[in-house]
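Just so you know, ligand 1 is whichever comes first in the structure, and atom 1 is the first atom listed for that ligand. For the numbers below, each heavy atom of this structure counts, side chains included, while hydrogens, waters and symmetry mates do not.
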Amino acid sequence: VATAVLIVGAGNMGAALTRGLHAAGGYDVTVHDVHAERMQELCAATGAQACPDWGKGARREAAIILCVKPQDLGLVAKDLAGKVRPDALVVTILAGTPMDDVQTALKHHGAVVRAMPNIAATLQNAATGMCANDACKPEHKTLAEGIFAAIGLAEWTKESLLDAVTGLSGSGPAYVYMVIEALTEGGVKMGMPRQLASRLATQTVLGAAMLVKETGLHPAILRDQVTTPGGTTISAIHELEERGLRAMLISAVETATVKSASLRKKP
Ligand SMILES: NC(=O)c1ccc[n+]([C@@H]2O[C@H](COP(=O)([O-])OP(=O)(O)OC[C@H]3O[C@@H](n4cnc5c(N)ncnc54)[C@H](OP(=O)(O)O)[C@@H]3O)[C@@H](O)[C@H]2O)c1
């Protein structure tokens with residue numbers, strides 16, 4: 001039997017999840033968005049059902065996934081509060097919004113999973129960190145794992161680490177874009193046509209990441225393997241160490257984590 005899932009908000013993330021669940025199969029997906037056209041378009045592409053007038057009666061879904069902007073939680077709650085099945089799982093991807101706030105807004109005292117995916121969800125290659133509240137039973141966690149596996153890699157953690165997830169993998173694509181851009185500029189500086197440099201830089205980042213993932217080897221071991229004594233790579237590594245590449249990235253994750261936490265503390 002297909003698992004009934006309601007996705008609220010058909011923007012970047014809602015659409016990615018709808019497409020991912022469609023590709024994974026085994027889900028009966030309903031989508032709600034305030035934009036009728038956006039909702040219809042997504043449903044036509046994925047076979048999901050549009051749910052324009054969702055305010056009537058209790059919801060029947062096993063999971064409701066909130067994919068609206070954090071400031072729209074109140075609006076969603078106006079329609080949804082008190083209507084979620086007590087045994088249903090509420091999944092929230094609202095940045096910076098604790099599970100408690102979602103429970104209070106929806107008057108839902110049952111299972112909640114909070115997740116922080118990243119923009120690569122649009123290509124089903126997200127890195128997602130997620131946490132579950134105490135009301136989550138093993139079947140709720142299995143359901144959440146299936147949902148986020150449909151858009152990439154999903155890892156459990158605790159809620160107190162979600163700011164760090166935001167600082168690492170949430171904002172991380174932007175750091176890597178800067179690396180790709182800079183490698184490209186390096187190629188251009190050395191006389192390469194820009195398009196060629198860009199393609200080589202992009203594939204280098206992708207291929208290097210795939211090697212780490214597929215071999216399971218520590219990146220330092222892989223780095224040693226391509227570092228010939230007295231060769232070109234060690235000269236570049238020396239330069240990167242002198243200029244603090246690693247310290248810079250560690251600080252970047254720290255700074256973004258602290259910023260993420262500070263946004264929530266504001267009234
Ligand atoms: N994008 C990312 O990389 C990313 C990563 C991690 C987490 N997130 C989180 O994911 C959530 C969604 O992000 P997104 O980039 O997908 O946003 P988005 O593209 O703006 O999508 C949200 C959609 O929900 C609609 N909406 C607003 N109020 C609604 C309501 N009451 N009922 C139903 N639909 C409503 C929005 O319409 P309008 O356009 O009219 O507002 C829009 O179509 C955010 O909370 C964000 O913090 C995003």
Side-chain angles (χ1 to χ4, degrees), residues 5-21 29-46 48-56 59 61 63-84 90-99 101-102 105-106 112-131 144 147-148 150-155 157 159 161-177 253 256-257 259-264 266:
V5 172
L6 170 69
I7 293 182
V8 185
N12 297 310
M13 287 293 144
L17 277 160
T18 306
R19 285 194 299 266
L21 294 178
V29 181
T30 304
V31 177
H32 173 74
D33 194 287
V34 283
H35 297 279
E37 215 171 282
R38 196 173 289 173
M39 183 169 58
Q40 300 294 355
E41 226 171 79
L42 180 63
C43 290
T46 57
Q49 307 235 351
C51 178
D53 56 344
W54 70 329
K56 297 181 191 126
R59 299 303 317 174
E61 291 83 9
I64 296 183
I65 314 178
L66 304 179
C67 302
V68 296
K69 288 266 153 61
Q71 63 268 26
D72 291 327
L73 175 62
L75 273 176
V76 169
K78 265 192 192 164
D79 285 319
L80 204 56
K83 291 179 182 158
V84 180
V90 170
V91 176
T92 165
I93 62 163
L94 275 57
T97 311
M99 293 191 283
D101 291 8
V102 173
L106 296 189
V112 178
V113 163
R114 179 179 162 201
M116 172 54 63
N118 67 14
I119 192 64
T122 50
L123 287 176
Q124 287 159 37
N125 260 292
T128 301
M130 55 187 185
C131 59
I147 289 167
F148 288 102
I151 55 162
L153 172 86
E155 296 280 348
T157 183
E159 187 162 35
L161 279 177
L162 277 206
D163 288 317
V165 171
T166 305
L168 198 172
S169 49
S171 303
Y175 320 155
V176 178
Y177 296 144
V253 174
T257 303
K259 179 73 180 179
S260 172
S262 78
L263 291 175
R264 192 174 47 260
K266 285 200 185 128

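Heavy-atom proximity to I119, at under 4.0 Å, picks out these atoms of ligand 1: 3 (O). Heavy-atom proximity to L75, at under 4.0 Å, picks out these atoms of ligand 1: 31 (N). Heavy-atom proximity to M116, at under 4.0 Å, picks out these atoms of ligand 1: 6 (C), 7 (C).
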Audit row: I7, V5, side chain to side chain contact (heavy atoms under 4.5 Å, CB included) steps and yes/no: CA-CA 7 Å; I7 293 182; V5 172; 4.2 Å; yes
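For atom 41 (O) of ligand 1, the nearest non-hydrogen atom of the protein is D72 OD2, 4.0 Å. At the shortest separation from atom 20 (O) of ligand 1 among protein heavy atoms lies K69 NZ, 2.8 Å. Of the protein's heavy atoms, V68 O, 3.3 Å lies nearest to atom 11 (C) of ligand 1. Regarding atom 33 (C) of ligand 1, its nearest protein heavy-atom neighbour is H32 CD2, 3.4 Å. Ranking protein heavy atoms by distance to atom 3 (O) of ligand 1, first place goes to M13 CE, 3.3 Å. Among all protein heavy atoms, the one lying closest to atom 8 (N) of ligand 1 is I93 O, 3.7 Å. Protein heavy atom closest to atom 40 (O) of ligand 1, with residue, atom name and distance, is H35 NE2, 2.5 Å. Ranking the protein heavy atoms by distance from atom 30 (C) of ligand 1 puts V34 CG1, 3.6 Å first.
In terms of heavy-atom proximity, A105 sits nearest to A81 at O-CB, 3.5 Å. Contact record, P117 with A126: CB-CB, 4.5 Å, taken as the closest heavy-atom pair. Taking both residues in full, the closest heavy atoms of G167 and Y175 are given as O-OH, 2.6 Å, listed atom of the first, atom of the second, then distance.
Of all the heavy atoms of A15, none lies under 4.0 Å from any atom of ligand 1, so neither backbone nor side chain is involved. Heavy atoms of P70 found under 4.0 angstrom from ligand 1 belong to the backbone as well as the side chain.
Residue contacts with ligand 1: P117 is included, with a non-hydrogen atom under 4.0 Å away.
Contact annotation: the side chain of M99 approaches that of E159 to within less than 4.5 Å [non-hydrogen atoms, C-beta and beyond]. By the 4.5 Å heavy-atom criterion applied to side chains, T166 and T257 are not counted as neighbours. Between L80 and L66 the shortest side-chain heavy-atom distance falls below 4.5 Å.
Although no hydrogens or angles enter the test, the distance criterion places a donor-acceptor pair under 3.5 Å between the side chain of S169 and the main chain of V165. Judged by distance alone, the side chain of T97 and the main-chain N or O of A95 form a donor-acceptor pair under 3.5 Å. Side-chain atoms of K83 come within 3.5 Å of backbone atoms of D79 as a donor-acceptor pair (strictly under, hydrogens ignored).
Between A95 and ligand 1, at least one pair of N/O atoms sits closer than 3.5 Å.
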